[in-house]
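This structure is a prediction, so every number in the text was calculated from the model and none was measured. This chain uses plain numbering: 1 for the first residue, then up along the sequence.
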Amino acid sequence: MKRAMSLILGMILACALSPLAARASGGRLAMDEGGGGGMDVNLIVREIRVTPSRVHPGEPVRIEMVVENHAEGAGTVWARVTANGREVDGHFYTFGWGGEGGRLTKESFTWDTNGIAPGEYRIKGEVYAPEDTSPSDNAMGISEPVVVLAPGSAEPSGGSVVARDPRYHPAGDVAPNRY
């Protein structure tokens, strides 16, 4: 239900902003500069945090991803989190309409582990924009796997794992995306 509401709200936002758009396709909305040339985009995944890193099946896993927009464009793209390459949560990510450079936003995702087999899972977060000027930094994975424990295991849930771009030095809280 939450995913459906996010999708509906994203679609409403895209429709409301469509007069600013030159093209809409494939779940993304890109703004045009007016002279026929599209604006460049530069999104960077700066950090991804997963809590808990050990979980019993059925317990939710919270994934937070810090994304930086260098304000070289504006649009709406799909942001997602995968576990072993399979999408476990995603939503629309809208950026750049305010024209501010260096804006950091925190995107939150939840992995519902109901029915997930015990084992190790590699988590990756990504915000993909086809027109990104440097697509190599649109995704980041956690080096340590998230462990889904065996049902009935006495081992407690808990822990946290973080991956951070070495160029990123957080000074404080990052604002949630409010576009």
Which heavy atom of [X] sits nearest a heavy atom of [Y], and at what distance?
X	Y	value
G141	A163	O-CB, 3.5 Å
H91	S108	CE1-O, 3.4 Å
A150	H56	O-CD2, 4.1 Å

Does [X] reach the side chain of [Y], with side-chain heavy atoms less than 4.5 Å apart?
X	Y	value
M65	E47	no
S160	P52	no
W78	Y93	no
T82	I123	no
V127	F95	no
L43	V77	yes
E126	M140	no

(request) Please identify each residue that fulfils side-chain contact (heavy atoms from CB on, under 4.5 Å) with S53, with sequence neighbours left out. (result)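 Applying side-chain contact (heavy atoms from CB on, under 4.5 Å) to S53 gives V161.
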(request) Could you list the residues that satisfy side-chain contact (heavy atoms from CB on, under 4.5 Å) with P156, not counting sequence neighbours? (result) none
Who passes salt bridge (charged side-chain N to carboxylate O under 4.0 Å, His left out) against [X], sequence neighbours left out?
X	result
R54	E155
R122	none
R46	E68, D165

(request) Determine the sole option in V148, I116, V50 for which the side-chain contact (heavy atoms from CB on, under 4.5 Å) test with V55 is passed. (result) V148
(message) I'd like to know whether E59 forms a side-chain hydrogen bond (donor to acceptor under 3.5 Å, both in side chains) with T113, so could you lay out the CA-CA distance, the side-chain angles of the two residues, the decisive distance to 0.1 Å, and finally the verdict.
(response) CA-CA 6 Å; E59 294 177 342; T113 62; over 6 Å; no
So, taking the atom named [atom1] in [X] and the one named [atom2] in [Y], what distance separates them when rounded to the nearest 0.5 Å?
X	Y	atom1	atom2	value
I63	T51	CD1	OG1	9.0 Å
N42	D137	CG	CG	6.0 Å
D132	N138	CG	CG	4.0 Å

(message) As a quick check of understanding, evaluate side chain to side chain contact (heavy atoms under 4.5 Å, CB included) for I48 and I142, giving each step before the final call.
(response) CA-CA 7 Å; I48 184 166; I142 298 289; 3.4 Å; yes
(request) Decide whether N69 and T105 meet the rule of one side-chain donor and one side-chain acceptor closer than 3.5 Å. (result)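 No, T105 and N69 have no side-chain donor paired with an acceptor closer than 3.5 Å.
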(message) Show every ring pair (Phe, Tyr, Trp, His ring centres under 6.0 Å) that has at least one partner inside residues 117-153, sequence neighbours left out.
(response)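 Of all non-adjacent pairs touching residues 117-153, those that pass ring pair (Phe, Tyr, Trp, His ring centres under 6.0 Å) are W111-Y121.
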(message) Taking I44 as the starting point, is it possible to reach F109 by hopping between hydrophobic residues whose side chains are less than 4.5 Å apart?
(response) no
